[in-house]
Each structure stands twice: as structure tokens, then as C-alpha cells.
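Naming: A, B, ... by sequence-line order, numbering from 1 per chain.
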There are 2 protein chains.
Amino acid sequence: MQAARPVTLKELASELGLNISTVSRVLSDPLGRDGKWASPDTTQRIFALAETRGYRRNPYAASLRTNRSNLIGVIVPRLQDYVLATIYEGIDEAALSQDYLTMVSNSLDVPQRQRDKAERLLDHRVDGLIFGDAAEANRGYLDELRDRRVPHTLVSRRIAGHTSVTCDDYRGGQLIAEHLVARGRRVFGVIAGKPGTSTSSERTSGFLDALAELGITEDQVTLAPGGFDAPAGREAAEQILSENPATDAIFAVNDFAAIGALGVLHNRGIRVPDDIALAGYNDTALAAGVNLTTVRSPMHEIGSRGFALLIDQLGGITTESEQLQPELIVRDTA
Amino acid sequence: MQAARPVTLKELASELGLNISTVSRVLSDPLGRDGKWASPDTTQRIFALAETRGYRRNPYAASLRTNRSNLIGVIVPRLQDYVLATIYEGIDEAALSQDYLTMVSNSLDVPQRQRDKAERLLDHRVDGLIFGDAAEANRGYLDELRDRRVPHTLVSRRIAGHTSVTCDDYRGGQLIAEHLVARGRRVFGVIAGKPGTSTSSERTSGFLDALAELGITEDQVTLAPGGFDAPAGREAAEQILSENPATDAIFAVNDFAAIGALGVLHNRGIRVPDDIALAGYNDTALAAGVNLTTVRSPMHEIGSRGFALLIDQLGGITTESEQLQPELIVRDTA
DNA sequence: ATGATGTAGGCAATCGTTTGCGGCAATCGT
DNA sequence: ACGATTGCCGCAAACGATTGCCTACATCAT
């Protein structure tokens with residue numbers, strides 16, 4: 001049993017004794033009720049009937065004519081990741097407010113999947129794409145899209161040659177380093193995240209550079225790359241602890257990895273922050289939940305700006321990348 | 001600058017010296033290359049040209065004719081929530097494998113937003129809807145949809161009169177209670193989650209009933225409702241601890257709330273599980289990250305079954321609700 | 001030889017909108 | 001008073017696919 005078919009323009013028109021085109025023009029005039037396509041009286045009658053009959057434009061018919069879908073596609077590594085889920089929320093909210101709808105897909109950070117999902121979205125004629133999973137590994141596809149002139153922006157992570165909206169991750173790394181050193185920490189471990197992503201590399205290089213600046217020598221810091229989630233954090237923490245037991249501060253480039261690390265510290269009876277200080281990155285809800293010191297990155301805003309820039313591109317405007325400012329959030333763990 | 005417009009059926013047809021209809025029939029035959037709509041030779045030629053010219057069906061044109069969009073809408077309380085993000089992943093994966101695309105929206109569990117988002121999706125002519133935010137508060141709208149004969153299913157949470165796919169939450173609550181009692185716990189706190197949702201009420205009633213069964217009297221358990229996230233967990237934990245300092249076990253109906261509780265326990269220097277045992281629900285990645293004892297609920301499968309049932313409905317089949325089995329995961333905290 | 005059955009493919013209507021181009025009055029300027 | 005505007009609105013051609021109904025020919029059985 002199907003839902004009742006919605007009224008069409010044609011039905012409205014015949015019921016009003018008008019031509020379809022008039023009704024269409026009045027109803028889709030951006031000025032709404034005071035558009036100038038018909039007499040005030042006619043305009044009122046049209047809106048009134050459309051209202052009572054519950055008219056809803058058929059977006060497919062419209063898109064067929066206009067060649068615009070008012071749909072945009074979003075590719076993220078994984079929606080399970082709080083950070084990208086939040087960025088996506090920012091995108092979706094901005095989109096909704098401008099009458100766009102969005103479709104998301106997970107790429108799991110594997111290039112082939114990224115390509116497949118994106119093409120699939122393109123097959124559905126999305127007007128543009130937003131990528132949350134830019135990395136060295138898929139730069140090739142992104143470049144191809146640029147050559148095909150497919151409007152797109154990058155969020156969260158960036159690569160050269162594509163307009164992106166990111167947090168100033170380098171600065172974020174510096175903030176943590178400065179804070180930790182100011183609190184008297186001297187031997188560092190960094191849980192560096194996924195190689196080949198700007199979020200990882202810039203946060204750690206900001207951290208490392210600031211440390212060097214403050215006179216910490218290289219042999220006092222041990223790096224452990226991996227992923228962005230709690231299990232990866234566990235592993236990295238184990239590695240750091242076994243490589244340098246004198247470590248007195250750990251910086252994880254992601255809150256979830258930090259929580260994983262926190263788990264192993266608790267297990268080993270290491271007190272936080274008394275024995276080892278711990279800092280994360282992003283200021284997720286969970287960071288507040290466990291009182292983790294972290295850096296707030298404006299995830300929601302990254303999403304909405306990413307969408308705004310995409311709309312600019314659709315309007316033919318050339319866009320510039322943006323970097324949003326991070327903020328240090330000091331809580332109990334460091 | 002726009003991306004190059006894709007080839008159309010008409011162009012393929014004229015280039016092949018065939019009629020559009022023939023090309024259409026061959027290309028959209030479910031049997032693919034060995035459909036029986038044209039001679040094997042013609043069929044080959046059609047597929048070959050479609051391939052080299054990169055033909056992609058225009059879904060809007062198709063939908064206009066067929067009145068099917070191959071799109072389904074998903075409404076969740078909030079994608080930031082790992083549990084619903086995972087369920088959504090399950091939905092999306094199943095959908096993709098059957099050539100459906102999905103669109104998600106957050107309702108934030110507020111009825112008006114749920115309605116708005118759903119109607120918006122319906123305006124876009126989705127073929128059906130999947131709700132992850134069913135609750136007493138929005139039963140009205142759901143019932144209305146049923147009356148309007150809009151195909152839909154519920155996932156994660158359920159209400160009577162709508163086909164749903166959920167975890168057997170009552171059983172899950174029992175599992176935790178039995179485990180805790182077997183470990184010698186006697187004074188309980190339960191962080192009960194959001195009122196009016198089946199996940200909350202069934203998990204806690206399963207827990208409570210099992211406790212009663214095992215001879216625990218009511219005055220030995222204190223209930224603290226709230227939400228499903230870490231901050232809500234913190235608050236609830238504080239409340240439980242102040243209401244009954246003798247508490248020796250806490251069950252949170254959600255892992256995130258459990259992590260919040262874990263935070264306050266650590267803060268107060270309470271040892272887990274030595275002083276107080278703690279259990280969560282869902283077995284999210286984070287639970288593994290902090291070695292939390294929990295109940296695994298098959299979130300991914302809930303999503304894919306929810307989608308499958310929706311497809312059944314679209315096929316005119318009447319569907320029955322399903323309950324999937326939970327599994328106790330014992331780790332360090334209880 | 002005849003009608004039945006199959007095979008290969010064309011015709012044209014249709015889905016619901018959008019939009020370029022006019023048409024017809026009433027109004028205005030001079 | 002008369003051509004030029006302006007205000008209102010209709011006509012019909014797209015947009016790109018799907019699909020019911022035909023046609024034309026070949027094959028087959030009787």
C-alpha cells in the first residue's frame with residue numbers, strides 16, 4: 001500500500017483555472033508571497049490552495065529541468081568517529097538552513113572506497129562534495145576531481161591545492177607543548193595518530209617544534225603513530241611506556257586515543273596527572289566526561305564553513321582555505 | 001565552471017542507430033548482459049558504448065517516471081552518539097548493497113524536529129523512513145505516518161504498533177544483574193538513561209526484575225535517570241553516591257554514561273572494581289578502550305535488519321518486529 | 001497454405017517542473 | 001488620441017528516462 005500521491009502543479013493549476021506556468025512561477029519565486037509574477041489576488045489564491053492541498057514540489061522533476069539537485073555529498077572516514085560526526089552535523093545544519101540536503105558515506109580511509117562512494121554520490125547528481133578524509137593516499141582522486149571541475153571542499157584534514165577548512169592544528173600542538181612544559185614536564189610521549197593525515201602531522205609537528213623551542217631535546221620524546229581511536233591509543237601508550245619508562249607527559253592527538261591511554265595508565269596504577277600528565281585533542285564530550293585536558297577545535301564550525309565555501313564554489317566564486325583557531329582547555333589530567 | 005554533463009540515453013541511442021527504448025531496456029535489465037531484450041550482438045554493442053562513454057543513468061529522470069527514488073531516510077537522535085552512528089552504518093551498508101542511498105538527520109530527540117526532518121525527507125520523496133529515535137514523546141507522529149501508509153521501521157528503540165528491530169534489552173539488563181550478584185555485589189545504583197525510551201526502561205526493568213529474583217530488596221538499589229552521554233553519567237553517578245554511599249555496584253544503561261561515572265569514581269579515589277563495580281551497555285569501542293564490563297548489543301546488525309524489513313515493506317510484505325540477542329562482555333570493571 | 005508463436009526493436013505518451021517567448025489589456029506619456 | 005509601457009498570464013518545448021503497445025519478419029506445427 002503506497003502513501004497518497006502528493007498534488008501536482010497541474011492539479012493546482014486546473015483547480016484554480018490558471019496555467020501551470022503561472023502557478024510554478026508564483027510558488028517558486030524567491031520573494032515568496034510578494035513576488036511580482038501575478039496579481040496580489042491571484043498570488044494569494046495560489047498560496048492558499050497550495051497550502052490547503054499540501055502541495056510539495058517534486059524535487060526530481062525540478063532537478064530534471066534545472067540540472068541542480070540541491071543535494072551535496074559528504075565523505076568521512078567513519079561516522080562512528082565523534083569528531084567527524086560533529087563536523088558532519090555542522091555541515092548538515094548549515095545545509096538545511098539553505099535548503100540543501102546532504103548524504104554521507106564512510107570511506108574508512110581506504111582510497112578505493114573513497115572513490116567508489118564519491119562516484120556513487122556523483123551518480124546521484126549531487127551538486128558538490130565535501131571530504132573529511134583527505135590524505136596523502138587519496139590525493140590522486142581529489143586532484144582528478146579538480147580536473148573534472150567537480151565542486152568540492154575539504155574539512156578537518158587538508159592537502160595542498162584544494163580549498164579546505166581546518167583547525168590550526170600546528171598551533172594546537174604548540175599550545176599543549178607550552179602548557180606541559182610550563183607545568184614542569186620534561187619527558188614526553190606523543191600518540192601521533194594516522195600517518196599521512198594533516199591532523200596527525202601538523203599537531204605533532206607543532207608540538208615537537210614548540211618543545212624544541214623550549215629547550216627539550218629530541219631524546220626526551222618518543223613518538224608512537226597508529227590511529228585515532230581508543231584501541232590505537234592503548235597500544236601507543238604501551239609502546240611509549242615500554243620505550244621510555246621515565247615519560248612524565250603524554251600528548252595524544254585525539255581525545256579517544258587519550259582515553260585509551262588513560263585506560264592503560266589506570267591499569268598500571270600510574271596516577272594521572274601526578275605521575276604522568278595526559279592531554280588529548282578536540283575537546284569531545286568524552287573529554288569533559290573524564291576531565292581530560294585537551295585542545296578545543298571548532299568542529300561544528302569547520303563543518304558549516306566547509307559547506308559555505310562549497311556553496312560559494314557553486315556560485316562561481318573562487319574560494320580560499322580557512323584555518324580556525326584552537327583553544328587550550330585545561331582540566332584535571334595535565 | 002561546471003563538470004561535464006554526462007551522456008544521455010538519447011545520445012547513446014542515436015550513436016548506435018537504435019531507439020532510446022531499446023537501449024533503456026537493455027541497460028536496465030536486471031539480468032545485465034544476458035538479458036533477452038535485444039540480440040546478443042546488439043546487447044554487446046550497447047554495453048560497450050555505454051561503458052566507453054561513461055553512461056550514468058540520471059536518477060531523477062528515472063524516478064520521475066517510476067515514482068521510486070531508491071532513497072531512504074533515517075532519523076536518529078544524534079549522530080554524535082556512537083551507538084546510533086553504528087546503527088546507521090549498518091543501515092547504510094545494507095542499503096548500498098541493494099542500490100539504495102540513505103539520508104540521515106538528527107532529531108535531538110525533540111518531537112517537533114523529528115517531524116520536521118522526516119517531512120523534509122519525505123518531500124524529497126524517500127521511499128521509506130527508518131527511525132532511531134522512537135519514544136513515547138513522538139508516538140503521535142509515528143502513528144500518523146502509519147495512517148498515511150508511509151513505509152517505516154524503528155531501530156534501537158521500539159514502541160508498540162510499529163515494526164522494529166531492537167536488542168533484547170530486558171535480557172541484557174538481566175545479564176548484568178546476574179553477573180553482578182554472582183560477583184558478590186549487594187547494593188546497586190542504576191544510571192537509567194532517558195525516560196520514555198525503550199532502551200532505558202527495558203534495560204533497567206530487566207536489571208531490576210533479575211535483582212528481585214535473586215533476593216535483592218528494593219531499598220538496596222537507587223535509580224538515577226538522565227541521559228545517555230558522559231556528562232549525564234557523571235551527574236547520575238554523583239547522585240547515586242550521595243544517596244547511598246554504601247553502593248558497591250553501578251549499572252549504566254549506556255557505555256558513555258558509564259565512562260562519565262568512571263570519571264567521578266576516579267576523581268573520588270574510589271577503586272574500580274575493588275570498591276565499586278561498574279558495568280555499561282552496548283560494547284562500544286570505548287568500552288574496550290577502558291576495559292569496561294558491558295553488554296554487547298548487535299548495533300550494526302540492528303541497522304541492517306531494520307533496512308531489510310523496510311525493503312520488505314516496500315515490496316508489500318507485512319513485517320514483524322525482531323529482537324536480537326545481547327551478550328555479556330566481562331572485562332576489568334565488574 | 002495458414003494461423004500461431006517468437007524475436008528484435010520502434011513509437012509515443014508520460015512523469016512534474018521550469019522557462020523562453022509571446023499575447024492581450026489597461027495605463028501612461030506627450 | 002495614439003504608440004509605448006507595464007502588468008498578468010498562457011503556450012509549449014524541454015529535461016532524461018520508462019513502458020504499454022505495435023510492427024515486421026522469421027519460424028514452426030498442422
Side-chain angles (χ1 to χ4, degrees), chain A residues 2 4-31 33-47 49-50 53-70 99 123-125 127, chain B residues 2 4-31 33-47 49-50 53-71 99 122-125 127:
Chain A
Q2 285 300 322
R5 201 175 42 75
V7 260
T8 71
L9 269 192
K10 187 178 348 190
E11 297 171 317
L12 288 187
S14 80
E15 190 157 339
L16 286 161
L18 291 171
N19 187 281
I20 295 184
S21 63
T22 305
V23 182
S24 167
R25 277 188 264 248
V26 168
L27 251 22
S28 55
D29 191 302
L31 280 64
R33 272 162 208 274
D34 27 50
K36 41 180 264 357
W37 258 110
S39 67
D41 175 55
T42 308
T43 303
Q44 280 312 315
R45 286 175 55 226
I46 292 177
F47 271 101
L49 187 67
R53 300 293 299 271
Y55 171 74
R56 325 255 71 187
R57 134 188 310 100
N58 182 324
Y60 297 137
S63 297
L64 190 52
R65 252 324 296 254
T66 62
N67 212 27
R68 282 295 231 81
S69 62
N70 271 45
D99 251 303
D123 284 351
H124 246 264
R125 305 304 202 263
D127 291 334
Chain B
Q2 283 302 322
R5 201 175 41 74
V7 260
T8 71
L9 266 193
K10 190 188 331 199
E11 296 172 317
L12 288 187
S14 81
E15 192 157 339
L16 286 161
L18 289 171
N19 187 284
I20 294 185
S21 63
T22 305
V23 181
S24 167
R25 278 189 262 248
V26 168
L27 251 23
S28 56
D29 192 302
L31 279 65
R33 271 161 209 275
D34 28 49
K36 41 178 275 331
W37 256 108
S39 66
D41 174 54
T42 308
T43 302
Q44 280 312 313
R45 286 175 54 227
I46 293 177
F47 272 101
L49 188 67
R53 299 293 298 274
Y55 171 74
R56 324 257 70 188
R57 138 190 305 102
N58 182 324
Y60 298 137
S63 297
L64 191 52
R65 243 336 287 254
T66 60
N67 213 24
R68 283 299 229 81
S69 62
N70 270 44
L71 231 53
D99 250 304
L122 253 12
D123 284 352
H124 246 266
R125 305 302 203 266
D127 291 335

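Within the nucleic acid shown, Arg25(A) comes within 4.0 Å of at least one base atom, counting heavy atoms only. Residue-level contact check: Arg56(A) touches the backbone only, with heavy atoms under 4.0 Å from sugar-phosphate atoms and none from bases. In this structure, Thr42(B) reaches the sugar-phosphate backbone alone: every heavy-atom distance under 4.0 Å involves primed, P, OP1 or OP2 atoms, never a base. Using a 4.0 Å heavy-atom criterion, one finds that Ser21(B) contacts the bases of the nucleic acid, with or without backbone contacts as well. Nucleic acid contact class of Ser24(B) (heavy atoms, under 4.0 Å, all strands): base. Residue-level contact check: Leu18(A) touches the backbone only, with heavy atoms under 4.0 Å from sugar-phosphate atoms and none from bases.
For the pair Tyr55(B) and Trp37(B), nearest-nucleotide mapping onto DNA chain D gives the more 5' position to Tyr55(B). If Ser39(B) and Asn19(A) are placed on DNA chain C by their nearest nucleotide, the residue sitting closer to the 5' end is Ser39(B).
With rounding to whole Å, Leu12(B) atom CG is found 12 Å from dG16(D) atom P. To the nearest angstrom, P of dA13(D) lies 14 Å from CD1 of Ile20(A). Asn70(B) has its CG atom 14 Å from the C1' atom of dT18(D), to the nearest Å. For Lys10(A) and dA13(C), the NZ to P distance is 13 Å, given to the nearest whole Å. If you measure from atom CG of Leu9(B) to atom P of dG9(C), you get 16 Å, rounded to the nearest angstrom. Between the CG atom of Leu27(B) and the P atom of dG16(D) there is a distance of 16 Å, given to the nearest Å. If you take CZ of Arg45(B) and P of dA8(C), they are 14 Å apart, rounded to a whole angstrom. Computed from coordinates, the Asn58(B) CG to dC15(D) P distance equals 12 Å when rounded to whole Å.
Residues Leu9(A) and Leu27(A) are in side-chain contact: their nearest non-hydrogen atoms beyond the backbone lie under 4.5 Å apart.
Checking dG10(D), dT17(C), dG10(C) against the side-chain heavy atoms of Thr22(A) singles out dG10(D) as nearest. Comparing atom distances between the Leu64(B) side chain and each of dT17(C), dA17(D), dG16(C) picks out dG16(C) as nearest. With distances taken from any side-chain atom of Ala62(B) to the nucleotides dC9(D), dC15(D), dT18(D), the minimum falls on dT18(D).
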| said: Test side chain to side chain contact (heavy atoms under 4.5 Å, CB included) on Ser63(B) and Arg125(B); report intermediate values, then the result. | reply: CA-CA 9 Å; Ser63(B) 297; Arg125(B) 305 302 203 266; over 6 Å; no
| task | Assess whether side chain to side chain contact (heavy atoms under 4.5 Å, CB included) is satisfied between Ser14(A) and Lys10(A), documenting all intermediate values. | result | CA-CA 6 Å; Ser14(A) 80; Lys10(A) 187 178 348 190; 5.6 Å; no
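dC2(D) is paired with dG29(C) under the criterion used here, namely a Watson-Crick or G-U wobble arrangement in which both key atom distances are under 3.5 Å.
Rounding to the nearest 0.5 angstrom, the gap separating the CD1 atom in Ile20(A) from the OG1 atom in Thr8(A) is 7.0 Å.
Evaluation of atom-type donor-acceptor distances gives a pair under 3.5 Å for the side chain of Arg65(A) against the base of dA14(D).
Electrostatic pairing of Glu15(B) and Arg53(B) counts as a salt bridge here, judged by a charged N lying under 4.0 Å from a carboxylate O.
Taking the six-membered ring where tryptophan is involved, the planes of Tyr60(B) and His124(A) are perpendicular, since the angle between them exceeds 60° and thus also 30°.
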